[in-house]
Trainee: 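Pasting in a structure now, in C-alpha cells, and then I'll have a few things to ask.
Just so you know, ligand 1 is whichever comes first in the structure, and atom 1 is the first atom listed for that ligand. We number each residue from 1, following the sequence as shown.
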Amino acid sequence: MRMAELGRWTNAIRTGLATDSVHGAVVPPIHMSSNYTFEAPDRPREYDYSRSGNPTRDLLNDALAELEGGAGATSVATGMAAFTLLADALVPAGSRVVVQHDAYGGTWRLFSFLAAQKRLMVDFVDFNDPAALAEALDREPRLVVVETPSNPLLRITDIRAVSDAARQVGALCVVDNTFCSPLLQRPLELGADVVLHSTTKFINGHSDVVGGVVVARDPSLHADLRLWANALGLTASAFDSYLTLRGLRTLDARLRVHDENTRALLTAIAGHPALSALHHPGLKNHPQHALAARQQSGFGSILSIELSGGWDAVGRFLEGLQVFHLAESLGGVESLVCHPSTMTHAGMSEAAQTKAGITAGLLRLSVGIEGRDDLIAVVAEALDRAL
Ligand SMILES: *Cc1c(COP(=O)(O)O)cnc(C)c1O
C-alpha cells in the first residue's frame, strides 16, 4: 500500500494521538505520576522519576523538535529557565557570553546578574553594528545570544551571518525564536546551534502556562542539555506540558488570524498623526524589511508604536482603551498592550533602555485573534485620544 509522506506540521500536531493502547484514547492521557515502578532492582522502565523524564513532557518535546528540525527538545519551567539551562550547561564559569543589547528585559537581567556575580563575562552588543559584533567575537565568547525579531522594537538580526561568525570563533549560537514560533522562522536551518522559546507566548498561545524550551541541532548537545535540565531541576511539569501541547496543536490556525488582523491594523493606523513611529518588520519602510522577508516566512503579530506626545499621550491612549488589556506577555489569543519602559523592560537600567531605544512614549501591542474591525476601531479611537 502506498502511503503519503506527511509534512512536518501534520506530524507535529499529531504527536501522541491515538497511541493509548489501554482505552484507545485519541488524545494522549496526561501522566501526572512523579515516579514509575521498576520491573526489578536492575530493571528500570523507560521512565523512573518525572524530573528526569515524563511521558507527557516528552510528547511536547517530540513535537517541538520536529517543528524546529532539531535532534531533540528539552522543555523547562519558563523561558528564563531555558536561558539558565544554557548558561549553566554551555558556559564554563568565568567564560564569556555575547548578548544582543536589546534582548528581552528578563534576558538582559539574568545575564547582568550572572556578570555581577562574576559567574560569566557578558558583552551586550548591537548585532546590527558589524564592527561592535566583530570586536565582541574577538574576545572568544562561548555563547552568542540572538533574539530576532527583538522585543519591543522588532529589530531583525541576520541569523545566518551571526551564527557563521560565532562558529568561526568556536562559540555556540542560540536564537530566541519566541516572537516567530517555528512556523515563521527556523533558526537551525539558518545555522544556529540551539533555538530557545518562551513557550508561554505563541506556542502555548492561551496565556495560561509559563514555560520554556531549548531545541538543539546536534544529538550530543541535546543529550547534554537534557542531562543538565534534570541535574538543575528545571524541567517542565506534566500539567504545563499537557496544556502547551494542546495549545501547540492550533498554532498554525491561530497564526493565520493573528497575521490577518495585524496586517489590517497596520494598514489602518499607518500615518496617524499621533504616531512618531510604527515598528513592524512587515512594513516596507522597516529598515530590515528585506532581511525579515528572507529569513522569516511571516512577519508576526507583535508591533510597537511610538506616540509623539510621550508619557502623557500614553496615558490618554490607555485611558478607556477597549479589548487590549494592559499586561505583560504576548502571543496569546487575546490582544494585549504593554508599556515596555515601566513593565517588561523595567529590569533594564535607564542607560540600557535609552541605548536600546525604549522611550517613555513607546507601547508594544500583541495583536490577538478577536474581530479584525473591532481591533482597528479601538486602536484608532485610542490614537485619536492620544493626539
Ligand atoms: C517572555 C520572553 C522570555 C522569557 O520567558 P518566560 O517564559 O517569561 O520566562 C524570553 N524571551 C522573550 C523574547 C520573551 O518574550
Trainee: If you measure every N/O of Met80 against every N/O of ligand 1, is any gap under 3.5 Å?
Mentor: yes
Trainee: What residue and atom, counting heavy atoms only, is the protein's closest point to atom 4 (C) of ligand 1, and at what distance?
Mentor: Tyr104 CE2, 3.4 Å
Trainee: Do the rings of Phe111 and Phe83 sit parallel, tilted or perpendicular, given the 30° and 60° boundaries?
Mentor: perpendicular
Trainee: Which of the atoms in ligand 1, numbered in the order shown and given with their element, are less than 4.0 Å from a heavy-atom of Thr78?
Mentor: 7 (O), 9 (O)
Trainee: Taking distance alone, with no angle check, do Leu330 and ligand 1 share an N/O pair under 3.5 Å?
Mentor: no
Trainee: Are Leu303 and Leu278 close enough that some pair of their side-chain heavy atoms sits under 4.5 Å apart?
Mentor: yes
Trainee: Is the ring pair Trp311/His339 parallel, tilted or perpendicular, if the boundaries are 30 and 60 degrees?
Mentor: tilted
Trainee: Within ligand 1, which atoms have a heavy atom of Asp176 less than 4.0 Å away?
Mentor: 10 (C), 11 (N), 12 (C), 13 (C)
Trainee: What atoms in ligand 1 come closer than 4.0 Å to a heavy atom of Lys201?
Mentor: 1 (C), 2 (C), 3 (C), 14 (C), 15 (O)
Trainee: In the structure I gave you, are the side-chain heavy atoms of Gln100 and Val145 within less than 4.5 Å of one another anywhere?
Mentor: no
Trainee: Which heavy atom of the protein is the closest neighbour of atom 5 (O) of ligand 1, given with residue, atom name and distance?
Mentor: Ser198 OG, 3.0 Å
Trainee: Hydrogens and angles aside, do Asp62 and Thr15 bring a side-chain donor and acceptor to less than 3.5 Å of each other?
Mentor: no
Trainee: With a cut-off of 4.0 Å, which atoms of ligand 1 are near a heavy atom of Gly79?
Mentor: 5 (O), 6 (P), 7 (O), 9 (O)
Trainee: Consider every N or O of Thr107 and every N or O of ligand 1, then say whether any pair is closer than 3.5 Å.
Mentor: no
Trainee: Pick from Gln185, Arg217, His197: which one makes a side chain to side chain donor-acceptor pair (under 3.5 Å) with Glu68?
Mentor: His197
Trainee: Please determine whether side-chain hydrogen bond (donor to acceptor under 3.5 Å, both in side chains) holds for the pair Asn204 and Thr199, giving the CA-CA distance in whole Å, both sets of side-chain angles, and the decisive distance to 0.1 Å.
Mentor: CA-CA 6 Å; Asn204 177 58; Thr199 54; over 6 Å; no
Trainee: Less than 3.5 Å apart, any donor N or O on the side chain of Glu334 or Ser207 sitting next to an acceptor on the other?
Mentor: yes
Trainee: Is the closest heavy atom of Gly211 to ligand 1 under 4.0 Å?
Mentor: yes
Trainee: Nearest to atom 7 (O) of ligand 1 by heavy atom, Leu196, Thr178, Thr200: which?
Mentor: Thr200
Trainee: Please report whether ligand 1 has a polar contact with Glu147, defined as an N or O pair separated by less than 3.5 Å (distance criterion only).
Mentor: no
